[in-house]
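Everything on this sheet refers to the single structure shown next.
Residue numbers start from 1 in every chain, and the chains themselves are labelled A, B, ... in the order their sequence lines are given, proteins ahead of strands.
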Amino acid sequence: MTLNLRTLPNTKTHQNEIIGAACLINPSFHMDRPAPEQPFQQHFCAISKPNDCIFPWDFNEKVQKESRKMKVEVLPTERALLGFLLAKIHKIDPDLIVGHDIYGYDLDILLHRINANKIPHWSKIGRLKRTVMPKLSSYPSRGASHSEKSAMCGRMVCDIKISAKELVRLKSFDLTELTLQILKQKHVELDFEQIRNMYSSTAMLLHLVELTLIDSCHILNIMYELNVLPLALQITSICGNIMSRTLMGGRAERNEFLLLHAFTEKDFIVPDKEYKKKVPAPVADEEEEVDVTKGKSGQGRRKPAYAGGLVLEPKKGFYDKYILLLDFNSLYPSIIQEYNICFTTITRTEQAKSAENEDDLLSLELPSADLKPGILPTEIRKLVESRRQVKGLMKQEGLSHEQIMQYDIRQKALKLTANSMYGCLGFTFSRFYAKPLAALITMKGREILMKTKDLVQAMNLDVIYGDTDSIMINSNSTDINEVTKLGNKIKGEVNKLYKLLEIDIDGIYKSMLLLKKKKYAALSVHKGPDGKYTTQEEKKGLDIVRRDWSGLAKSVGDYVVSTILSGESRETVVELIHSRLNEVGEQVREGKIPVEEFLITKQLTKNPEDYPDKKSLPHVQVALRLNSKGGKRLKGGDTVAYVICEDGSNLAASQRAYHPDELAKSDSLKIDTKYYLAHQVHPVVSRLCDPIEGTDASHIAECLGLDPAGYRHAAQAREEAGDQELLDTVKVTDEEKYRDCERLMVKCPGATCRREIVLDVPLKGADMYIEASLGKCPNEQCPLIVAKNHVAIGNQLTVAIRDHIKKYYQGWMKCEDMACGARVRKMPLMFQRGHPVCPSCNKGVLNPEVGIPSPLK
DNA sequence: ATGCTAGGTGTCTTCT
DNA sequence: AGAAGACACCTAG
């Protein structure tokens with residue numbers, strides 16, 4: 001049965017009251033089968049009214065007429081409605097109750113209103129007869145308390161908000177977004193004023209009931225679409241926990257049960273359940289860093305308890321040769337098996353037992369190879385083997401669609417369970433918390449990635465990046481068959497090193513833009529069944545895949561990425577990007593972009609009133625303002641959408657955030673177009689274009705119609721930072737390193753010769769060059785070994801140095817803008833961000849003609 | 001109330 | 001003024 005409530009805040013008490021409900025009933029639901037053709041067989045709706053409204057005069061009559069289409073019970077008061085609902089639930093006696101945000105809203109409201117109206121037999125919402133109502137949570141809570149959840153005991157509750165959070169990644173998990181993204185349908189969100197207004201006519205009130213019923217359908221269909229129950233059933237049967245708890249989320253508990261079963265079966269005594277609050281990571285020996293938990297609520301993130309995966313320093317840039325991506329299949333579960341890591345197999349070395357170096361991984365001893373696999377590896381092996389088996393079954397001929405789905409869900413559940421095993425070892429509140437084991441697993445992971453990198457490099461290949469379990473190689477080839485061959489060769493070499501651990505080709509990229517650790521885009525190549533190759537964009541970590549950037553910034557960024565990856569020439573790419581930016585700048589300023597494109601979405605990690613610094617966080621401010629108006633309140637875990645507006649004030653942008661509805665209802669608010677161009681589009685695009693020659697922050701700013709001067713400095717700073725990095729990695733050629741330097745020219749000291757010898761850029765290291773080019777004088781007639789005349793060469797070097805110092809102190813400066821090209825000595829009085837502004841064009845900044853090259857600063 | 005760590009980026013505050 | 005640090009979010013794996 002689905003449960004969907006309609007609520008409205010009381011105009012006097014401002015407390016939410018229940019005014020309507022719509023339920024769908026399916027008496028023959030199978031939780032081990034895919035969605036039935038008919039989502040439900042029966043339904044009913046109930047509608048009452050707030051105290052200060054009356055039903056339209058012909059409402060009852062019209063409801064009767066509608067009764068063939070829609071069964072509606074009209075009830076005079078909330079009390080009557082709740083009584084009716086409880087009676088219905090009691091009569092239907094559902095095994096499963098489906099809803100959206102039941103644990104975050106509906107259940108709490110229901111219990112509060114039952115309480116306030118003193119409805120008898122409240123416990124009928126569950127299957128256990130109880131007299132005392134569980135303690136209700138008072139308002140600023142983040143969801144139903146444990147005791148509240150117990151109210152429905154005996155019935156499973158499927159809260160699709162919780163399920164969706166586990167199963168799909170979305171911008172937000174409110175019903176509007178879920179309906180749109182999962183069902184591709186529109187959900188009508190009504191604010192409480194609109195709901196109140198609907199009592200003014202029969203047609204509108206019927207429409208309200210209808211919408212409530214439609215929402216119920218959406219909820220049910222989302223559950224079907226996500227296969228929530230089949231998956232929960234599989235997980236439950238794998239872990240041996242309780243299904244109603246599987247549906248409530250929380251991976252640790254499932255794992256706990258799996259291990260409890262495994263250890264008990266082998267006659268181990270399992271760890272006690274701890275009821276007392278454990279202090280997370282008690283590292284506080286001295287006053288040094290007394291745990292950096294943010295906020296007192298314990299909500300904020302702790303300081304990491306141990307080291308995790310290794311991320312290789314990326315060789316940033318744009319690649320247009322094939323890139324090979326190799327990846328260890330489920331690394332952590334494999335490590336547990338490969339090294340037989342278990343509570344029962346890992347011991348501390350003798351000398352470490354007495355000492356207090358608990359955290360020292362070196363004090364752990366890996367079991368010898370002949371030791372029987374422990375419980376943990378065995379369980380993982382069982383999971384992996386079952387999965388392989390199920391995948392085998394899926395390949396059988398003549399399977400029904402239903403069977404394939406069933407197998408697929410089981411294989412997914414097995415994978416999920418195996419993969420969550422590691423996470424639970426590192427979970428502070430887990431019954432099987434084992435920091436040393438978790439730390440050991442990640443350490444082995446780092447070791448393996450490092451070793452793989454070394455091995456690949458030893459094959460004379462160019463490793464450009466790697467993260468935790470993956471490695472990317474620049475093949476420098478344009479022949480895909482060759483690249484595949486290479487991939488297989490590497491695969492063979494790496495896999496030789498391990499019994500069970502396996503690396504595999506995870507992808508081949510035709511082109512790739514590598515910006516930072518965990519930030520890249522690529523065009524992956526796939527061979528279709530017809531043998532033809534197709535490409536697909538993959539974007540990881542970039543601003544454009546994050547929910548906290550506006551749609552505008554994301555769509556422009558998207559265009560930029562596709563253009564860069566397209567394989568067009570650099571000039572064309574730059575041109576296309578520039579013209580697109582021009583267009584966007586214009587459209588934004590002319591107000592031709594729809595408001596939705598300006599929405600920025602952020603999640604509240606706490607209840608809005610719990611933030612210590614509410615003022616400067618835009619989403620918190622918006623949430624607080626919305627909450628003060630009543631209705632459904634935003635709480636921790638919810639996402640807030642807002643736009644930055646021009647509101648007449650000159651507050652910082654972060655304090656000019658408004659909910660889109662506020663913008664729609666106001667005539668004084670306007671989208672802050674400058675903010676969106678300068679703080680949304682610009683940073684996103686300039687980061688993407690960072691490795692692209694021919695454009696930079698100031699160009700991009702100019703195209704968008706922003707003042708380019710402000711960005712020049714930043715662009716230069718980034719360039720310098722880049723130089724420094726290149727220098728650090730010693731990978732840079734000397735050409736690049738000394739590109740701003742004048743070459744040293746010496747004259748052959750031979751009295752009759754005086755042949756000019758330019759010390760050209762050496763191939764490898766300055767020393768080697770000097771030896772080679774200052775050997776015998778290039779003049780055939782001159783027999784001199786130039787380098788032997790140290791004194792003469794030394795003098796010439798001194799003269800050259802003095803000459804340069806003199807030039808430096810003459811202080812000639814040149815305008816950075818090539819088009820202006822002014823050359824002056826007098827320091828102007830106008831400065832822009834610490835740089836002198838050219839007095840002749842008033843735009844560019846002046847750079848010293850002879851300066852200190854940036855890498856040497 | 002409850003999976004982990006690594007990493008980038010924006011905004012505000014504090015220090016130099 | 002600019003660097004440095006705290007904090008907040010979101011993502012990769």
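- Using a 4.0 Å cut-off, no side-chain N or O of A:His146 falls inside it from OP1 or OP2 of B:dA1.
- An OP1 or OP2 oxygen of C:dC9 is reached within less than 4.0 angstrom by a side-chain nitrogen or oxygen of A:Tyr611.
- Phosphate contact (OP1/OP2 of B:dG7, side-chain N/O of A:Lys516, threshold under 4.0 Å): absent.
- Here the nucleotide nearest the side chain of A:His619, chosen from C:dA12, B:dA6, C:dA8, is C:dA8.
- Atom OH in A:Tyr422 sits roughly 10 Å away from atom C1' in B:dA6 (whole-Å rounding).
- Distance check on atom P: C:dG13 versus B:dG3 gives 22 Å, rounded to whole Å.
- Heavy atoms of A:Ser616 sit under 4.0 angstrom from primed sugar atoms or phosphate atoms, though from no base atom.
- Within the nucleic acid shown, A:Ser145 comes within 4.0 Å of sugar-phosphate atoms alone, with no base atom in reach, counting heavy atoms only.
- At the phosphate of C:dC9, OP1 or OP2 sits under 4.0 Å from a side-chain N or O atom of A:Thr605.
- Counting any heavy atom pair closer than 4.0 Å across all strands shown, A:Gly308 reaches sugar-phosphate atoms only and no base atom.
- Of the candidate nucleotides B:dC12, B:dG8, C:dT11, C:dT11 has the atom nearest to the side chain of A:Arg547.
- Between A:Phe343 and A:Phe263, the ring planes lie perpendicular to each other; the angle is over 60°, past the 30° to 60° tilted range.
- Nearest nucleotide to the A:Asp469 side chain, out of B:dC12, B:dG10, C:dG13: C:dG13.
- With rounding to whole Å, A:Asp467 atom CG is found 11 Å from B:dT5 atom C1'.
- Contact of the A:Val640 side chain with the A:Thr601 side chain is not registered, since no non-hydrogen atoms from C-beta on lie closer than 4.5 Å.
- The listed nucleotides are B:dG10, C:dC10, B:dC4; the one nearest the side chain of A:Tyr306 is B:dC4.
- Contact annotation: A:Thr428 does not reach the phosphate of B:dT2 (side-chain N/O to OP1 or OP2, under 4.0 Å).
- Within the nucleic acid shown, A:Tyr332 has no heavy atom closer than 4.0 Å to any nucleic acid atom.
- Side-chain proximity of A:His679 to the nucleotides C:dC9, B:dT11, B:dT9 is greatest for B:dT11.
- Put simply, A:Arg687 has a side-chain N or O that comes within less than 4.0 Å of OP1 or OP2 on B:dG10.
- At whole-Å resolution of the value, CG in A:Leu515 and P in C:dT11 are 17 Å apart.
- Salt-bridge annotation for A:Glu166 and A:Arg254: present, with a side-chain N of the basic residue lying under 4.0 Å from a carboxylate O of the acidic one.
- Ranking C:dG13, B:dG8, B:dT11 by closeness to the A:Tyr675 side chain, first place goes to B:dT11.
- Under a cutoff of 6.0 Å and an axis angle of 45°, A:Lys517 and A:Tyr465 do not form a cation-pi pair.
- Checked for salt-bridge contact, A:Lys149 and A:Asp159 miss the test: no charged N lies under 4.0 Å from a carboxylate O.
- Listed nucleotides B:dG3, C:dC9, B:dT5 differ in distance to A:Ala252; the shortest reach to its side chain belongs to B:dG3.
- For B:dT11, the OP1/OP2 oxygens have no side-chain nitrogen or oxygen of A:Arg656 closer than 4.0 Å.
- Nearest nucleotide to the side chain of A:Pro304, out of B:dT5, B:dG7, B:dG3: B:dT5.
- Computed from coordinates, the A:Ile544 CD1 to B:dT9 P distance equals 14 Å when rounded to whole Å.
- The 5' end of DNA chain B is approached more closely, in terms of each residue's nearest nucleotide, by A:Gly423 than by the other of A:Gly423 and A:Asp548.
- The interatomic distance linking A:Gln680 (CD) with B:dT9 (P) rounds to 15 Å, in whole Å.
- Between A:Glu538 atom CD and C:dG13 atom P there is a gap of 9 Å when expressed in whole angstrom units.
- At a threshold of 4.0 angstrom between heavy atoms, the contacts of A:Ala653 with the nucleic acid are absent.
- Listed pair A:Tyr520 / C:dG13 meets the phosphate criterion, a side-chain N or O lying under 4.0 Å from OP1 or OP2.
- Judged by a 6.0 Å distance limit and a 45° cone about the ring axis, A:Lys606 is positioned over the six-membered ring of A:Tyr611.
- For A:Arg169, counting side-chain heavy atoms from C-beta on, the closest listed nucleotide (C:dA12, C:dG13, C:dA8) is C:dA12.
- Put simply, NZ on A:Lys518 is 9 Å from P on B:dG8, counting in whole angstrom units.
- A:Arg546 places its CZ atom 10 Å from the C1' atom of C:dA8, with the value rounded to the nearest Å.
- Using bins of under 30°, 30° to 60° and over 60° for the plane-to-plane angle, the ring pair A:His619/A:Tyr642 lands in the parallel bin.
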